[in-house]
There are 2 protein chains.
Amino acid sequence: MTLKQLEAFYWAATCANFALAAQRLHLSTSSLSKRIAELEQSLDVLLFDRTLHKASLTESGYALLPQAVQLLQVAEKTRQVVSKNQAVSGQCSLGVGELSALTWLPQLATYLRSALPHIKLEPQVDIGSALHQQLLEGGLDCAVVAGRSSHPSIASHTIGQAKFEWVAAPHLSPAIQEVTEALLKEHPLVTLPRGAGTSRILDDWLLANDMDLAQRFTCNSWGVIAGLLIEGFGIGILPEGWARSFKRRKQLRVLSSAVQLNPLSYTFQHRRHDDRRLVTTTLAAVRKNVDFSVSPRLL
Amino acid sequence: MTLKQLEAFYWAATCANFALAAQRLHLSTSSLSKRIAELEQSLDVLLFDRTLHKASLTESGYALLPQAVQLLQVAEKTRQVVSKNQAVSGQCSLGVGELSALTWLPQLATYLRSALPHIKLEPQVDIGSALHQQLLEGGLDCAVVAGRSSHPSIASHTIGQAKFEWVAAPHLSPAIQEVTEALLKEHPLVTLPRGAGTSRILDDWLLANDMDLAQRFTCNSWGVIAGLLIEGFGIGILPEGWARSFKRRKQLRVLSSAVQLNPLSYTFQHRRHDDRRLVTTTLAAVRKNVDFSVSPRLL
DNA sequence: CGCGTTTACGCCTCACGTAAACATC
DNA sequence: GATGTTTACGTGAGGCGTAAACGCG
């Protein structure tokens with residue numbers, strides 16, 4: 001039984017399949033398979049059931065998993081205790097939503113390049129639910145997602161809030177300065193699809209105002225949404241930084257509303273027992289650089 | 001960093017020297033040295049100071065030791081959780097005093113041979129203080145010693161008591177049936193050297209009876225002591241089983257005493273963090289077979 | 001047939017022991 | 001010189017990737 005074998009077992013047990021786990025370990029699938037086989041041989045126990053299409057944990061495998069986690073944690077702690085102030089290094093795949101990608105992510109990348117050059121950041125942009133799934137399957141080391149995860153094997157750390165404003169094109173019902181039910185009936189609501197964090201904000205607001213769902217036009221790209229809003233296609237909400245920028249250029253106007261939009265809390269999420277310094281260091285770096293209020297870089 | 005390296009480090013750090021640690025791991029000294037060197041390289045830290053005659057732990061080495069212990073313990077636990085009911089195997093060097101060796105040790109050996117054939121018992125007979133030292137230096141896995149160890153890195157488990165009787169040859173002051181100060185002044189006290197557990201019993205008794213030390217003749221062999229007592233060389237104490245045997249053969253008579261001799265408690269001792277099943281299983285086997293009251297096999 | 005896992009094979013590194021060298025007392 | 005640790009070196013097992021085979025949907 002070796003630490004390498006246990007590490008291979010951990011990833012194989014918690015990733016969607018061996019290929020993904022192997023990728024995570026910078027290993028070929030066949031080598032990973034052999035490591036698992038050798039671990040099984042050394043413990044004289046079958047850890048995976050291969051009779052099905054996918055390898056799944058046996059009872060013994062389930063029994064081993066928490067032990068393996070503990071062992072790897074202690075091993076990591078051991079490395080930290082002894083080799084203090086060693087440069088953190090490795091690839092870190094970070095999942096982010098489009099909003100994060102367009103506001104503070106470039107800042108984070110710049111910071112990491114100068115402060116922690118041995119960390120190779122690999123950003124992956126997708127909607128929150130996809131990122132969450134990727135975290136579970138082992139495709140990501142960590143992700144910044146709206147809200148906390150309710151999944152037991154994902155740990156969430158609050159890192160910041162994004163604020164939103166109601167906006168409309170200047171020529172869209174120019175007399176009206178406030179978001180009303182009538183306005184929402186007249187013009188479609190342009191927003192991200194359900195499942196994105198922003199939807200929660202909108203649903204909260206609609207509920208608080210006792211309004212029915214207006215016509216809803218969804219697209220998974222903030223850029224497209226902003227474009228549609230500027231075109232006067234409908235009304236919608238934008239992150240405060242964006243709203244500010246477009247307002248300054250007179251491309252959009254900010255609408256008031258009787259009830260404020262709740263801010264949206266974002267959390268840094270990672271696999272609960274993944275205590276690698278790579279992850280904790282990345283969390284610290286994200287905390288240093290997160291800022292949802294900045295204007296998007298592309299404008 | 002591998003488990004093998006940490007195991008090598010643990011033994012190298014806690015044994016008297018690398019050679020002994022290597023022997024313990026069934027490894028050549030050079031291989032052990034290389035393992036340590038590789039561990040140092042992988043952690044990028046010097047663990048031993050080689051400028052002195054003997055390699056001694058550096059500050060980092062001292063920091064690593066408890067972590068290594070914890071890691072090895074968790075590893076051992078992990079093996080146990082998964083591979084339950086696996087046969088325990090390995091060489092187990094057990095230190096015992098002569099009294100244990102001559103009473104219950106053969107019984108233990110027989111038991112182990114039939115019940116746990118994969119454990120190779122290697123008994124080593126010496127006086128308690130030597131066994132204790134060997135435990136500390138790593139020369140022994142475990143030992144049965146009189147009294148508990150006060151050393152922080154040695155764990156003690158009480159396993160039984162030995163009772164002793166005052167004896168004398170039938171022709172030695174035949175009128176006297178009780179141990180008195182006068183008797184002890186007339187005849188030398190034949191006993192084990194100071195440092196053996198039996199000395200404590202005698203000192204307790206002398207103190208309780210407010211007696212001064214009589215003339216004392218010491219020898220490190222119970223066989224020699226019994227021989228001298230039978231010869232009428234002096235008076236002394238013998239384990240109850242021995243006293244019973246010699247009394248039955250009329251070679252010795254048992255003397256009464258106003259104050260009883262305290263029984264002597266024996267403990268099973270091992271290195272505190274050595275949780276190998278080999279050790280715990282041996283402890284259980286010793287508990288099953290320990291019996292200081294049996295007559296010695298050689299009589 | 002596609003997807004996921006294992007086997008076959010050639011390559012090379014790594015871990016071992018023997019023996020000699022080195023360092024300290 | 002005795003004791004204790006490291007270096008040199010030849011050997012064999014073990015871990016790796018590529019590529020082919022297997023086995024279940």
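Quick caveat, the model's predicted, so the values are computed rather than measured. Lettering follows sequence order; numbering is per chain, from 1.
- As rounded to whole Å, 17 Å separates atom P of D:dG4 from atom CG of B:Asp49.
- Contact check, A:Arg35 against D:dC16: a side-chain N or O comes under 4.0 Å of OP1 or OP2.
- Atom-to-atom, CG of B:Leu25 to C1' of C:dA15 comes out at 14 Å; the value is rounded to the nearest Å.
- Atom C1' of nucleotide D:dG14 and atom CD of A:Gln5 are separated by 11 Å, given to the nearest angstrom.
- Rounding to whole angstrom units, CZ of residue A:Arg50 and P of D:dA21 are separated by 22 Å.
- When each of C:dT5, C:dC25, C:dG2 is scored by its nearest atom to the side-chain atoms of B:Leu52, the top-ranked nucleotide is C:dC25.
- For the pair B:Ser33 and D:dT5, the criterion of a side-chain N or O lying under 4.0 Å from OP1 or OP2 is not met.
- Annotation: A:Gln67, atom CD; neighbour count of heavy atoms from other residues, nucleotides and ligands within 6.0 Å is above 12.
- Atom pair B:Leu47:CG and D:dT6:C1' shows a separation of 16 Å (rounding to whole Å applied).
- B:Gln23 places its CD atom 13 Å from the P atom of D:dT5, with the value rounded to the nearest Å.
- Summarising the geometry, the separation between NZ on B:Lys34 and P on D:dT7 is reported as 10 Å, rounded to the nearest angstrom.
- A residue-by-residue look at B:Glu40 and B:His53 shows that B:His53 has its nearest nucleotide of DNA chain D further toward the 5' end.
- In the model, A:Ser30 has no side-chain atom that pairs as donor or acceptor with a side-chain atom of A:Ser33 under 3.5 Å.
- Exactly one residue among B:His151, B:His132, B:His157 makes a ring pair (Phe, Tyr, Trp, His ring centres under 6.0 Å) with B:His270. That residue is B:His157.
- Listed nucleotides: C:dG17, D:dT5, D:dG17. Nearest to the side chain of B:Ser28: C:dG17.
- Within the 4.5 Å cutoff, the side chain of B:Tyr266 has no heavy atoms near those of the B:Thr158 side chain.
- Atom NZ of A:Lys4 and atom P of C:dT13 are 14 Å apart (whole Å).
- Map B:Glu38 and B:Ser30 each onto its nearest nucleotide of DNA chain C; the residue landing nearer the 5' end is B:Glu38.
- An OP1 or OP2 oxygen of D:dT5 is reached within less than 4.0 angstrom by no side-chain nitrogen or oxygen of B:Thr29.
- Between B:Ser31 and C:dG17 there is a side-chain polar atom (N or O) within less than 4.0 angstrom of OP1 or OP2.
- Side-chain contact, A:Thr58 with A:Asp49: no donor N or O sits under 3.5 Å from an acceptor N or O.
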